[in-house]
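Note sheet for the following structure.
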Amino acid sequence: MIQRIQTVYLALAVILLVLCCCMPLANFEPVGMGLSSTMYSLVYLSADGAIQSYLPSVLFVIVVFTELVTITAIMGYNNRRRQMKTCSVAMILNLLWIIGYVGITYLLKGEDTLRPCFATCLPLLALILTWLARKAIKKDDDLVRSADRIR
């Protein structure tokens with residue numbers, strides 16, 4: 001049923017991932033004087049607004065795939081086993097995003113000081129919500145299976 005708590009968890013995860021696509025992920029402040037550069041999900045912008053690198057676009061692709069998988073999990077409410085598997089795939093993609101973020105910021109950092117933004121924690125929150133949804137789906141599946149055994 002679509003009106004279960006796992007749907008709320010998964011919908012919140014999708015909303016957080018969409019916000020992550022729109023907000024800046026990190027600021028890189030030079031050690032000396034100068035303006036800070038900003039990393040978004042698609043590009044790495046210098047202080048004057050020029051595009052320095054498209055390397056963060058990998059993070060954007062991962063977030064979009066995670067959103068699609070999570071929406072698929074929401075729409076697959078009639079098959080609990082498949083819904084649990086798609087939640088597991090979404091959790092793996094969220095972990096992949098976190099690992100990719102660490103790697104890309106390490107590559108782009110150089111000698112600058114890294115200042116993570118609020119959007120950095122959103123995929124982690126989406127990971128937790130997806131885990132809670134998978135746990136609720138498992139609980140429902142166990143309940144249905146126990147009711148089938150009693151009959």
Check your understanding: Does anything in residues 15-36 pair up under ring-ring contact (aromatic ring centres under 6.0 Å, His included), and if so which pairs, sequence neighbours excluded?
Key -> Phe28-Tyr44

Exercise for review: For Tyr40, enumerate each residue passing the ring pair (Phe, Tyr, Trp, His ring centres under 6.0 Å) test, keeping only those at least two apart in sequence or located in another chain.
Suggested key: none

Check residues 57-72 and write down every donor-acceptor pair under 3.5 Å in which the side-chain atom is one partner and the other belongs to a residue at least two apart or another chain.
from, atom 1, to, atom 2, distance (Å)
Ser57, OG, Tyr54, O, 2.6
Thr66, OG1, Ile62, O, 2.7
Glu67, OE2, Val18, N, 3.3
Thr70, OG1, Thr66, O, 2.7
Thr72, OG1, Leu68, O, 2.7

Review point. Would a 4.5 Å heavy-atom cut-off, applied to side chains only, mark Trp131 and Leu127 as touching?
Key: no

Practice item. For a side-chain contact (heavy atoms from CB on, under 4.5 Å) with Asn94, tell me which candidate from Ile99, Leu17, Leu124 qualifies. Key: Leu17

Exercise for review: With the side chain counted from C-beta on, respond yes when Gln83 and Asn79 share a heavy-atom pair under 4.5 Å apart, and no when they do not.
Suggested key: no

Revision key, fill the gap. Applied to residues 92-108, the salt bridge (charged side-chain N to carboxylate O under 4.0 Å, His left out) test, sequence neighbours excluded, yields none

Point to revise | Leu114 with Leu108, same ILVMFWY side-chain cluster at under 4.5 Å | key: yes

**Study point:** Within-4.5 Å side-chain heavy-atom neighbours: Leu25 and Pro56
**Key:** no

Practice item. Can you tell me which residue pairs pass the salt bridge (charged side-chain N to carboxylate O under 4.0 Å, His left out) test with a partner in residues 70-88, sequence neighbours excluded? Key: Arg80-Asp141, Arg81-Asp141

Practice item. Please tell me if the side chains of Thr130 and Leu10 come closer than 4.5 Å, counting only heavy atoms from C-beta onward. Key: yes

Exercise for review: Name all pairs fulfilling the salt bridge (charged side-chain N to carboxylate O under 4.0 Å, His left out) condition that reach into residues 112-136, sequence neighbours left out, sorted by first residue then second.
Suggested key: Glu29-Arg115

